[in-house]
Amino acid sequence: MNVPLLDLNAQYQNILPDIRLEIEKVFSTHAYKLGPQVAEFEKEIEKFCQVEHAVGCASGTDALILALLALGISEGDEVITSPFTFFATAGSIHRVGARPVFVDVDPQTYNIDPNKIEQSITSKTKAIMPVHLFGQCSDMESIMKIASNYNLNVIEDNAQGIGAKFNGKTAGTIGDIGTLSFFPSKNLGAMGDAGMCLTNNKQLADKMFQLRQHGENPQYYHRWVGLNSRLDTIQAAVLLVKLRSLQDWSEKRRQNAQYYYEHLNDTLSMQLPYIDERAESIFNQFTILADRRDELMHYLRKHDIGCAIYYPVPLHLQQCFSYLNHKKGDYPVSENLSDTVLSIPVYPELTTEQLAYVVKIIKKFYG
Ligand SMILES: *Cc1c(COP(=O)(O)O)cnc(C)c1O
């Protein structure tokens, strides 16, 4: 049996005909730049995420940069974020000239530890950027309290958490701005790159609509220096079709996670992902903490089971951030996660036979 980490072939099998039709529409109008599908998709995301404004852009990374620019964050400013995340989180902060200030994560949720945020706030801090890692929303209740006490903005890096909830609120709509990524392996993936900013603030939305087109308004008049970062019409067409299945896919991911919880809870050599009772995860990844992690990874691969380490190097130890003068030991929880995490298949199209096979091989490994 073969169980890949993600099976795009299975995902597209049923929806490809509809996607072809929607793309054909783009070919018939040649509206490749901000065609009608872009605004239509933005409207659908507003409904899905229960947010007032959605601003499409070229990638999840650009969405973070647009959010930072819209809030006026630049040189001399500090933004607090997690070191245990995909590179783009801190990369975007650096890219606008600001300084990423890392705060270690909670060992159970892998998300930024709200109890450690306050001690990292300085007079230069402008924003907190929590990451809703692997599909679980961060503790937004505590984060919003701190932000309000210190008058800070909150940008939610929600690239991995579309549709996730915290206290019944939709991830990405709780802070000032939330972002989405439609990178092909995200829960809602495009056939290429695409991203989005979410906000309930009309002024910020208007500014981001301009910033994604060189800060232009009206045409050829520029109040700000923005980016060339439009959401591609063809990608919007693809995403419009795929969004119809997203709720169903998220439910199947939750069911697959449930299977692991039921069948792996007696395996003492590994820790299953902990979900805060206030949170509803969409399981972008199912990430375990495993004894003898590297051996387990090779064992699974040898048995044709896809798995991956997200992420092997925490951001404070990346070479490009050496100017921040961090060293090993500065963020022990994140470092320990990097040494022990392993993501195993949880994608919606998994069959019960495949799930049972993954469980069997893991149990066989640990004897
Ligand atoms: C995927 C991802 C991004 C970047 O999204 P792209 O669309 O690939 O630019 C940012 N942050 C996190 C946490 C991600 O997982």
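Nothing fancy with the numbering, it's 1 onward along the sequence. When a ligand or atom number is given, it counts from 1 through the structure's own listing order. Since this is a predicted model, take the numbers as computed values, not measurements. Any value given below was found using the heavy atoms of this structure, including those in side chains, with hydrogens, waters and symmetry copies removed.
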Query raised in the report: Hey, does E22 have a side-chain heavy atom less than 4.5 Å from the side chain of L240?
Result: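 Side chain of L240 against side chain of E22, heavy atoms only: contact under 4.5 Å found.
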Query raised in the report: Partners of K252 by salt bridge (charged side-chain N to carboxylate O under 4.0 Å, His left out), sequence neighbours excluded?
Result: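 Checked K252 against salt bridge (charged side-chain N to carboxylate O under 4.0 Å, His left out); matches are D248.
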Report task. Using a strict cut-off of under 4.0 Å between a residue heavy atom and any atom of ligand 1, list the qualifying protein residues by chain and number. Result ->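 For ligand 1, the contacting residues are S59, G60, T61, T85, F86, A88, T89, V131, D157, A159, Q160, S181, F183, K186.
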Query raised in the report: According to the salt bridge (Lys or Arg N to Asp or Glu O under 4.0 Å) rule, which pairs have a member within residues 43-57, sequence neighbours left out?
Result: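 Counting only pairs at least two positions apart or across chains, the salt bridge (Lys or Arg N to Asp or Glu O under 4.0 Å) contacts touching residues 43-57 are K43-E46, E44-K47.
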**Report entry** Residues which pass side chain to side chain donor-acceptor pair (under 3.5 Å) with T199, listed by chain and number, not counting sequence neighbours
**Finding:**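 In terms of side chain to side chain donor-acceptor pair (under 3.5 Å), with neighbours along the sequence ignored, T199 is linked to no residue.
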**Report entry** Test: D106 and K116 ion pair at under 4.0 Å
**Finding:**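 Looking at D106 and K116, the cut-off is not met.
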Requested in this report: Take K242 and M191 through the side-chain contact (heavy atoms from CB on, under 4.5 Å) test and state the conclusion after the steps.
Outcome: CA-CA 11 Å; K242 292 186 74 177; M191 289 172 140; 6.0 Å; no
